[in-house]
**Student:** 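Got a structure for you, questions after.
Numbers for residues simply follow the sequence, beginning at 1.
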Amino acid sequence: MNEVANPFNPTIIDSLTRIPFFRGLPAEALSAISAKLQRIRLEHGAVVFAQDTMGDAMYLIESGQIKVSVIVGPGQPEKVVNFLGPGNFFGEMALLLNQRRSATVTVSIDADLWVLHKADMDELLVDYPVIALQITKELSRRLTDVVTENTRRPGHTISAVFGAEAWRLANSIFNITGQRVIVLDVTGTNMAASAQLPDNNFVIFEAMEDLSSEGLGETLGILADGFDWVLMALPNTYNEVNAKAVQLAKATVLLNTSEQDWIKEYSDGPIFYCNGTQTEIDRTARKITHCVVGLALSSGGARGIAHIGVIETLEKAGIPIDIIAGTSAGSLFGGLYASGKSVDEVADFARNLIKLIDLKSGLWDPKLSLPWSGLIKGNATTKYLARQFNDATFADTKIPFYVVAADVISGEEVVFDSGPIAEAVRASIGMIGIFSPYQLNGHHLIDGGAVNPVPASVLAEKGANIIIASSVIPSLEADRARGQQATHRSQKPNFLNVLSNMMSIMEREIVKTRMTPVDVLIKPKVEVYSAMNYDKADEFLQIGREAAEEAMPLLKKLLNN
């Protein structure tokens, strides 16, 4: 990093007057500040300063972009706080208060910075106290801006897109955010002529034919300052400009195009694969804008049928579902939907369950040999599920899908995202005492409700930004009230009811400590029925619909932000 001394220069003063930090200062103060500034140029990836180091300078951004990030604890991943472009300044608090840096600042787009050192600032404050007043005003304004900015979700504001129809992705981003979107066309194919521009939702800007890698960085700095989302449409051939574009991008999208080795080599951010269908383009746009919607479906036996009503209502309202995680009953119904079955088909399957739990159904293959670990082996159930899922694997799903089961020996949570779906679901629905543990991948697996009844945590780990949880695990008070009604009607619990109630009690206690914070919790009022009431499928479906309708205003508010 080479610093260049700055003799008095009227053009620098003009630049200072466009920066809020110095706007309104008298000419003599601006001249004095200009004489103290030193200009440096830093390339992408350079660290301007690191968290917890002592501050000895503040910086003004002339061109390019910087990333502000923090690490909240040992071993924790970096958390991006903000991106700043031309006209912004940073580092002033540590400089003014002689304290350690509260964040790390890294160059994300090649940047030209003006540096003002502490010793120079001290001299300026003595000679020009008006600067201190201006600092106070500007910090107050920035505090207000930060509070406002924190209510917005971050995202991959600059993305590299390979494929002929980057404009479709731009249009989807605009439809999701309503914000300013621009496509920088570096393909040389005059994309604007072939694109179908709907209602001027976004801008296509054709790059110069002789664009250099350095010129790309400067262009991005300008575009990032004027637009909320910048997409670089690129050909998939290697050259210095394309490599620089991938390096500067926060994410890379392969839009119905093959991946090249050099793209992986230069990409620092995630790579999203999109097959070009409108569903996948919209899903990719939500990944870029950090609006990925995940749906967690809880365990709960027959009560889980209410999940189908929830999904039906979300679908009718146009609420997207990008990821599904299911435990036990949630894995069964969620898996059928994720694998491509319609809501009506899943509902018909649920209505037929009352016949399947009958001893004459053929799905009860009793386990007679020792050691005894359950009433039935479950092999017939696995074969039946394989037919229902058409022998599909997780790779065949229409929606990314995850199944939670529990290792009965180690007590650990096991999350499935590969292999046959039927086997993972069979493991997850293995109610203790009914099914023998399912042996798979070196684990002895039982009902996932034993470790994670509402798998919202799985969604958070897999990249969901907006988490919806449908939980059919009743509260203690609700279950107690239902039990009192059953006693009043002189109903005696059978063996399956006892096991089901024991599982419900355990799941309820686990939820108290394991429930990951969710954005929307949908709680179907299923407590009027037991977890073995498979004859009440239509009632459960309606209860699920009603619960999702109640949550709809909050859902729409979240998705419209």
**Student:** With a 4.5 Å heavy-atom cut-off, do P270 and K287 have their side chains touching?
**Tutor:** no

**Student:** Sub-3.5 Å donor-acceptor pair from the side chain of D228 to the main-chain atoms of R180, do we have one?
**Tutor:** yes

**Student:** Would you call I263 and T252 a side-chain contact if the rule is heavy atoms closer than 4.5 Å?
**Tutor:** yes

**Student:** Is any side-chain heavy atom of L336 less than 4.5 Å from a side-chain heavy atom of F349?
**Tutor:** yes

**Student:** Go through it in stages, so that I can follow the logic: the residues are I281 and L255, the test is side chain to side chain contact (heavy atoms under 4.5 Å, CB included), and I'd like the CA-CA distance, side-chain angles, deciding distance and then a yes or no.
**Tutor:** CA-CA 8 Å; I281 283 177; L255 181 52; 4.0 Å; yes

**Student:** Applying the salt bridge (Lys or Arg N to Asp or Glu O under 4.0 Å) test to E550, which of K525, K523, R545 qualifies?
**Tutor:** K525

**Student:** Is a side-chain N or O of T327 found less than 3.5 angstrom from the main chain of G330, in a donor-acceptor match?
**Tutor:** no

**Student:** So, Y337 and E312: side-chain donor and acceptor under 3.5 Å apart, yes or no?
**Tutor:** no

**Student:** Under 3.5 Å, is there a donor on one side chain and an acceptor on the other for N452 and S457?
**Tutor:** yes

**Student:** Is K264 paired with D261 through a side-chain N to carboxylate O contact shorter than 4.0 Å?
**Tutor:** no

**Student:** Locate the shortest heavy-atom distance separating G449 from S299; write the atom from each residue and the value.
**Tutor:** CA-OG, 4.0 Å

**Student:** Mark yes or no: K250 above the aromatic ring of F83, with NZ or CZ under 6.0 Å from the six-membered ring centre and no more than 45 degrees from the axis.
**Tutor:** yes

**Student:** Would you name the heavy atoms of L541 and A347 that are closest together and state the gap between them?
**Tutor:** CD1-CB, 4.0 Å

**Student:** With rounding to the nearest 0.5 angstrom, report the CG to OG1 distance, L440 to T382.
**Tutor:** 9.5 Å

**Student:** Would you mind checking if E165 and R168 are paired as a salt bridge, meaning a charged N to carboxylate O distance below 4.0 Å?
**Tutor:** yes

**Student:** Quick one: do Y273 and E280 satisfy side chain to side chain donor-acceptor pair (under 3.5 Å)? Show the steps, please.
**Tutor:** CA-CA 9 Å; Y273 303 87; E280 283 301 309; over 6 Å; no

**Student:** Report the distance from atom CD of Q247 to atom CG of D268, rounding to the nearest 0.5 Å.
**Tutor:** 6.0 Å

**Student:** I need the I319 CD1 to L295 CG distance, nearest 0.5 Å.
**Tutor:** 11.5 Å

**Student:** Distance from T393 atom OG1 to F416 atom CZ, nearest 0.5 Å?
**Tutor:** 14.0 Å

**Student:** Enter the distance from D348:CG to K341:NZ here, rounded to the nearest 0.5 Å.
**Tutor:** 10.0 Å

**Student:** Ring pair (Phe, Tyr, Trp, His ring centres under 6.0 Å) between F540 and Y529: does it pass, once the steps are laid out?
**Tutor:** CA-CA 9 Å; F540 282 130; Y529 303 113; 5.4 Å; yes

**Student:** Could you check whether Q278 and D282, counting side-chain N and O atoms only, form a donor-acceptor pair closer than 3.5 Å?
**Tutor:** yes

**Student:** Nearest 0.5 Å, please: how far is CZ in R286 from CG in N465?
**Tutor:** 11.0 Å

**Student:** With heavy-atom distances below 4.5 Å as the criterion, would you say the side chains of L314 and L555 are in contact?
**Tutor:** yes

**Student:** Taking all heavy atoms of A170 and all of V183, pick out the closest pair and write down the distance.
**Tutor:** CB-CG2, 3.5 Å

**Student:** Determine whether a donor-acceptor pair (N or O, by modelled atom type, separation under 3.5 Å) exists between the side chain of S428 and the backbone of A424.
**Tutor:** no

**Student:** Going through the checks in order, is the side chain to side chain contact (heavy atoms under 4.5 Å, CB included) test met by V472 and H307?
**Tutor:** CA-CA 8 Å; V472 294; H307 294 321; 3.8 Å; yes

**Student:** Is it the case that the side chain of D407 and the backbone of S410 share a donor-acceptor pair, with hydrogens and angles ignored and the cut-off at 3.5 Å?
**Tutor:** yes

**Student:** With heavy-atom distances below 4.5 Å as the criterion, would you say the side chains of H444 and Y438 are in contact?
**Tutor:** no

**Student:** Just by distance, no angles: are the side chains of S172 and N175 close enough, under 3.5 Å, to form a donor-acceptor pair?
**Tutor:** no

**Student:** A548 and I522: which non-hydrogen atoms are nearest, and at how many Å?
**Tutor:** N-CG2, 3.9 Å

**Student:** Whether the side chain of D447 engages the backbone of S328 through a donor-acceptor N/O pair (distance < 3.5 Å, no angle test) should be reported.
**Tutor:** no

**Student:** Looking only at side chains, do T277 and N275 share a donor and an acceptor under 3.5 Å apart?
**Tutor:** yes

**Student:** Any idea which heavy atoms bring D322 and C291 closest together, and the distance?
**Tutor:** OD2-O, 4.1 Å

**Student:** Taking the side chain as C-beta and beyond, is there a heavy-atom pair between S159 and I288 under 4.5 Å?
**Tutor:** yes

**Student:** So which heavy atom on F401 is nearest to which on G334, and how close?
**Tutor:** CE1-C, 3.8 Å

**Student:** Within a strict 4.5 Å, meaning less than it, do heavy atoms of the N236 and S258 side chains meet?
**Tutor:** yes

**Student:** What verdict does the side chain to side chain contact (heavy atoms under 4.5 Å, CB included) test give for V292 and I466, after you've listed the backbone C-alpha separation in whole Å, the side-chain angles of each residue and the deciding distance to 0.1 Å?
**Tutor:** CA-CA 6 Å; V292 174; I466 300 173; over 6 Å; no

**Student:** With side chain to side chain contact (heavy atoms under 4.5 Å, CB included) as the test, would you mind laying out the steps for V293 and I468 before giving the verdict?
**Tutor:** CA-CA 7 Å; V293 179; I468 305 169; 3.7 Å; yes

**Student:** Decide yes or no for I158 and L248: does some side-chain heavy atom of the first lie under 4.5 Å from some side-chain heavy atom of the second?
**Tutor:** no

